[in-house]
Structures are given as structure tokens and as C-alpha cells.
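A quick write-up on the structure given underneath.
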Amino acid sequence: MQILDGIKLAKEIKQEIKEAVEEAVNQGKRKPHLAAVLVGNDGASQTYVNNKIKDCQQVGFDSSLVKLPNTVSQTELLEVIQKLNTQEKLDGFIVQLPLPAQIDQEEIIEAINPKRDVDGFHPTNFGKMALDMSTFLPATPFGILEMLDRYNIPTRGKHAVIIGRSRIVGRPMSILMGRKDFPGNSTVTLTHSNTENLSYYTHSADIVITALGVPGFLKAEMIKEGAVVIDVGITRVDDDSEKGYKLVGDVDFENVKEKASWITPVPGGVGPMTRAMLLKNTLLAYKKNTK
């Protein structure tokens, strides 16, 4: 068993981005600029956005944070998005999810300028991805592709089983693993909460990518010897530590690692890659804007 080390890879990618920014600035160009919209006081969302701002500082990006109260109206939030859509010298922005109950999330996502949608959630970008056209890929699937690429994990002709069909991870991952490229060219099975006898599919998989959000769901007996296991799930589970909790994935790591050829840890696997790919998408947008 070998570890797919997301922390190590993310550091390498951020260093590459930092060098690209330094080169651009030395040529007299401005810095890339990423903005984030944070609605309310959700602790996990605040931590995530703060980490993104730190990432921007590390690679030399400019960053902006728009904080809005939990009581913000749909109209007010749409006004903020329209300003960001047209703001000069801004390359991309994200609206941190989830949003409060009074907000129509679909309308908010569709209001974002696809050329600044560095999260890759806009229907235009999703459609381009499905048609194998150049676009912003959703950050987590993008990070998984980058991980498979940099660790040179064979995917051509392999059976890839995706667990979970969310629009953020599962569905785009199933499309990308079946694309005519590397990583890709896999035979893909997309499974979900209504799949009967799910272990039948996982046991025949060469690559298992799970994004279910159920701690310890994937057991050792559900995979074959030598499978590549990528764990997107991350859940807080109460324990007796000083923090009072620990972070665990969808995979029963201690037992599954004995059978897997490659496996991602939680934390330290897919998570850091997601953040790195948001920076990479912003750099891609910046390059288009400063051509």
C-alpha cells in the first residue's frame, strides 16, 4: 500500500503557481485576484474561506472577502454577484456553500459569470466539461485527476466505480473518468444510495472513488486486492481528544489500506488538492484575462 499524499502534491502545485505569478509580475502584469462571498457565520464555511485566503497569500494572489449576514435577501446577494461579475481586475470568485434557507442556490449559481466561475459549478461550465471542451473543472474532481496524473496511476481500460452522484463530485467525476484522455478512458460505474448490492460493483473495481459522506462506509471486504481507493468524504466524529472530535472519511482506512495498492488519507488526501485546484482555475482565468 502506498499513500496518495494530497498535502505533498498541493505544496508542489502551489509552488508552481507561485512561480508563474512571480514571472507575470516581473513582466509588469498585475497579480491574479480571487474573491469569496461568505454568507452567515457557519464555522466550517468560515474556516474554509479563511484557508482559501491564506492560500492566495502563499501563491501571491490578491484576494477579497465579501461577508454578508445570514439574513441577506436573494435580491441583495444577486446584486453583490452582479458587481463581482463586472469588477475590473478580478479573475474569479466563489460563493461559499451552503447558503441560508431563504436563498435559491440554483439561481445564485446561474447568476455567476461562467468566465469567473472558478468553482466550476455553473451549468455552462458543467456542460462544456461533459462535452470535453476547455472549461473550469469542479475543484475536487480536478484535484483527483491531478493526483492520478502526478502519481501516474493507470486508468485506461480500468473499471472505475464512483460512490455518490452529487453535482460537485460524483457526477462530474464519472464523466471525467470516462473521457478520452489521461486520466480517463476508464469504464465507469456510477453508484449511489439506491444502488442494490453496491459491493458487487466495488469488488470488481480497479479504482474506487467514494464521496458519500458516511464515515467508514467502504469496508475491506468490499474491494479487491490491489484496488486504488480515493476517499472524498470527510465527517466530524466525536471522540475523547482535546478537540472533542476527529475527521474521518468514507473509507475504513485501517482495514482497507491492507488490501489497497494506493489510498488517500483523511485528512491530507483530496482536501488539500481541492484548494490547490481552485487556485489553478483562478490562474487559468487570469491567463485568459491578461493575454
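The shown structure was predicted, so the numbers you read here are calculated from the model rather than taken from an experiment.
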Between [X] and [Y], is there a shared hydrophobic cluster once you connect ILVMFWY residues whose side-chain heavy atoms come closer than 4.5 Å?
X	Y	value
Tyr151	Ile263	no
Met177	Ile144	yes
Leu176	Val188	yes
Leu212	Val208	yes
Val169	Met147	yes

Is there a donor-acceptor pair closer than 3.5 Å between any side-chain N or O of [X] and the backbone N or O of [Y]?
X	Y	result
Asp117	Phe121	yes
Glu19	Glu16	no
Lys29	Asn26	no

Point to revise | Thr282-Asp91 side chain donor-acceptor pair, cut-off 3.5 Å | key: no
Exercise for review: Please determine, by modelled atom types, if His159 and Thr187 share a side-chain donor-acceptor pair under 3.5 angstrom.
Suggested key: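 No pair is found: no donor N or O on one side chain lies under 3.5 Å from an acceptor on the other.
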Taking all atoms of both residues into account, what is the closest heavy-atom pair of [X] and [Y], and its distance?
X	Y	value
Pro265	Ile3	CD-CG2, 3.8 Å
Gly60	Val21	O-CG1, 3.7 Å
Asn289	Arg30	CB-NH2, 4.1 Å

Check your understanding: Looking at Phe93, is Lys83 sitting on its ring face, NZ or CZ under 6.0 Å from the six-membered ring centre and within 45 degrees of the normal?
Key ->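 Pair Lys83/Phe93 does not count as cation-pi.
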When the side chains of residues 33-42 are checked against the rest of the protein, which donor-acceptor pairs come out under 3.5 Å, sequence neighbours left out?
residue	atom	partner	partner atom	Å
His33	ND1	Lys89	O	3.1
His33	NE2	Ser64	OG	2.6
Asp42	OD2	Ala44	N	3.4
Asp42	OD2	Ser45	N	2.8
Asp42	OD2	Ser45	OG	3.0

Study note, to complete from the structure: Residue set satisfying salt bridge (charged side-chain N to carboxylate O under 4.0 Å, His left out) with Arg165, at least two apart, ordered chain then number -> none
Check your understanding: Does the pair Glu12 and Lys18 meet the rule for a salt bridge (charged side-chain N to carboxylate O under 4.0 Å, His left out), with working shown?
Key -> CA-CA 10 Å; Glu12 290 176 8; Lys18 183 180 179 182; over 6 Å; no
Sequence neighbours excluded and cut-off under 3.5 Å, please list the side-chain donor-acceptor pairs for residues 103-111, or say none.
residue	atom	partner	partner atom	Å
Asp104	OD1	Glu106	N	3.1
Asp104	OD1	Glu107	N	3.3
Glu106	OE1	Arg167	NH1	2.8
Glu106	OE2	Arg167	NH1	2.6
Glu107	OE1	Gln74	NE2	3.0

Practice item. State whether Lys280 and Glu146 are salt-bridged, where the test is any N-O pair (Lys NZ or Arg NE/NH1/NH2 against Asp/Glu carboxylate O) under 4.0 Å. Key: yes
**Study point:** Lys224 and Asp206 ion-paired at < 4.0 Å
**Key:**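 Result for this pair is yes, salt bridge flagged.
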Point to revise | Those residues that, when tested against Phe182, pass ring pair (Phe, Tyr, Trp, His ring centres under 6.0 Å) (two or more places apart) | key: none
**Study point:** Interatomic spacing from CE in Met222 to OG1 in Thr210 - rounded to 0.5 Å
**Key:**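 Met222 atom CE to Thr210 atom OG1 measures 8.5 Å (nearest 0.5 Å).
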Check your understanding: Which is it for Asp55 and Arg275 under the salt bridge (charged side-chain N to carboxylate O under 4.0 Å, His left out) test, yes or no, and what are the steps along the way?
Key -> CA-CA 8 Å; Asp55 290 339; Arg275 284 165 50 190; 2.8 Å; yes
Review point. Which pairs count as salt bridge (Lys or Arg N to Asp or Glu O under 4.0 Å) when at least one residue sits in residues 121-131, sequence neighbours excluded?
Key: none
Review point. With a cutoff of under 4.5 Å between side-chain heavy atoms, which Ile, Leu, Val, Met, Phe, Trp and Tyr residues group with Tyr245?
Key: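 Listed partners: Ile234, Leu247, Val266.
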Review point. Do Lys246 and Asp238 have side chains that get closer than 4.5 Å, going by heavy atoms?
Key: no
